[in-house]
Amino acid sequence: MNDYDLLVVGSANADLVIGVERRPAPGETVLGSDLAVHPGGKGANQAVAAARLGARTALLARVGDDAHGRLLLDSQRAAGVDTGGVRVGGAPTGVALITVDPSGDNSIVVSPGANARLTPEDIRDAAGLFARARVVSAQLEIPLETVTEAVRARAAGSRFVLNPSPPRPLPAEVLAACDPLVLNEHEARFVLGDGGGDGGDGKDPEGRARALLALGARSVVVTLGAEGALVAEGGTAVRVPSPRVGAVDTTGAGDAFTAALAWRLGLGEDLATAAAFAVRVGAAAVTKEGAQASFPTAGEVAAL
Ligand code: RIB
């Protein structure tokens, strides 16, 4: 029996956010806005996004025994996420230093802290959560060996969704489980080993998606920002457009997209249908400041 529509295995960070007119060049200092502290982290963001949409959601993560950790746990609980799998202690809570410019674009540096101490043993200790999850979703702000153990811990028939962010080369065992691999074009180039270059076969998103399928992913979703997403599986690739919105802050929009996609796939929707819902969730998320604070309810998505 599936008690959880979605089990998110991933990071939880305190986001320290400063608005800037423009990002500083190397060696330069710029003045910014007052500092805002928000709950964030790609894993914690996904869990809140899914729960706010109505998914029965659990989070497996590690935070420090500190004020940032309590901020994160409070946000999860307020959204209705089951936090029984959140480990506390071992290192300070992860922190993300974020600048946001007037177009809503951001730059992020993450100090992993406790996220780096989420171990394969923590995954094995949470076997009960995996046994009850319809979909397991992970990202790469936790150790890769922990993500690999999450792949192995899944119950039979449980779907695995991976956002390889920040990107790094993926073992074949992980790639073969991804259904889908969800990534932006920069991440796609990196996973393909193109190191940010043009990418041989993959100059366009369709080419990159084909290359990622050939590398072993079961299905691929390339996110295209304001342009929506490209979904690819088998021999087909389909573009899914996004509604046009005024972007205020793009932080966490990709996490909201991935959470919505993973949830709807678990309900039995096909990839293109689930992505059509997810682009609306991502679009709604860029219209407000912050990550978790910006994630919409199902009603807000319907009204978009
Ligand atoms: O994807 C956005 C997230 O990336 C932020 O919340 C920050 O914590 C970093 O993990």
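Along the sequence shown, the residues carry numbers beginning at 1. Because the structure is predicted, anything quoted here is derived from the model rather than measured. In listed order, ligands and their atoms are each counted from 1.
Assignment of G252 to the shell around ligand 1 is supported, since a heavy atom sits closer than 4.0 Å. Taking a 4.0 Å cut-off on heavy atoms, G254 fails to register as neighbouring ligand 1.
Among all non-hydrogen protein atoms, the one lying nearest atom 4 (O) of ligand 1 is K42 NZ, 3.0 Å. Protein heavy atom closest to atom 10 (O) of ligand 1, with residue, atom name and distance, is E141 OE2, 2.6 Å.
Annotation: the span from S219 atom OG to L181 atom CG amounts to 8.5 Å, rounded to 0.5 Å.
At a 4.0 Å heavy-atom cut-off, ligand 1 does not touch H38 at all.
Here is the list of ligand 1 atoms found below 4.0 Å of a heavy atom in A96: 7 (C), 8 (O). Atom numbering of ligand 1 starts at 1 in the shown order; those under 4.0 Å from a heavy atom of D255 are 1 (O), 2 (C), 3 (C). Ligand 1 places these atoms under 4.0 Å from at least one heavy atom of D15: 5 (C), 6 (O), 7 (C), 8 (O).
Taking distance alone, with nitrogen or oxygen atoms compared against 3.5 Å, N45 approaches ligand 1 more closely than that limit. For ligand 1, the polar-atom distance check against G40 finds no nitrogen or oxygen pair separated by under 3.5 Å.
Between E121 and R87 no salt bridge is recorded (no basic side-chain N to carboxylate O distance below 4.0 Å). Under the 4.0 Å criterion applied to side-chain N and carboxylate O atoms, D122 and R62 are assigned as salt-bridge partners.
Atom CZ of R218 is surrounded by 12 or fewer heavy atoms from other residues, nucleotides or ligands within 6.0 Å.
Judged by distance alone, with hydrogens and angles left aside, the side-chain atoms of Q76 form no donor-acceptor pair with the main-chain N or O of T83 at under 3.5 Å.
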Let me see the working for L140 and S165 under side chain to side chain contact (heavy atoms under 4.5 Å, CB included), right down to the final yes or no.
CA-CA 5 Å; L140 296 184; S165 180; 5.9 Å; no

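F277 carries R264 over the face of its six-membered ring, with the cationic atom under 6.0 Å from the centre and within 45° of the normal.
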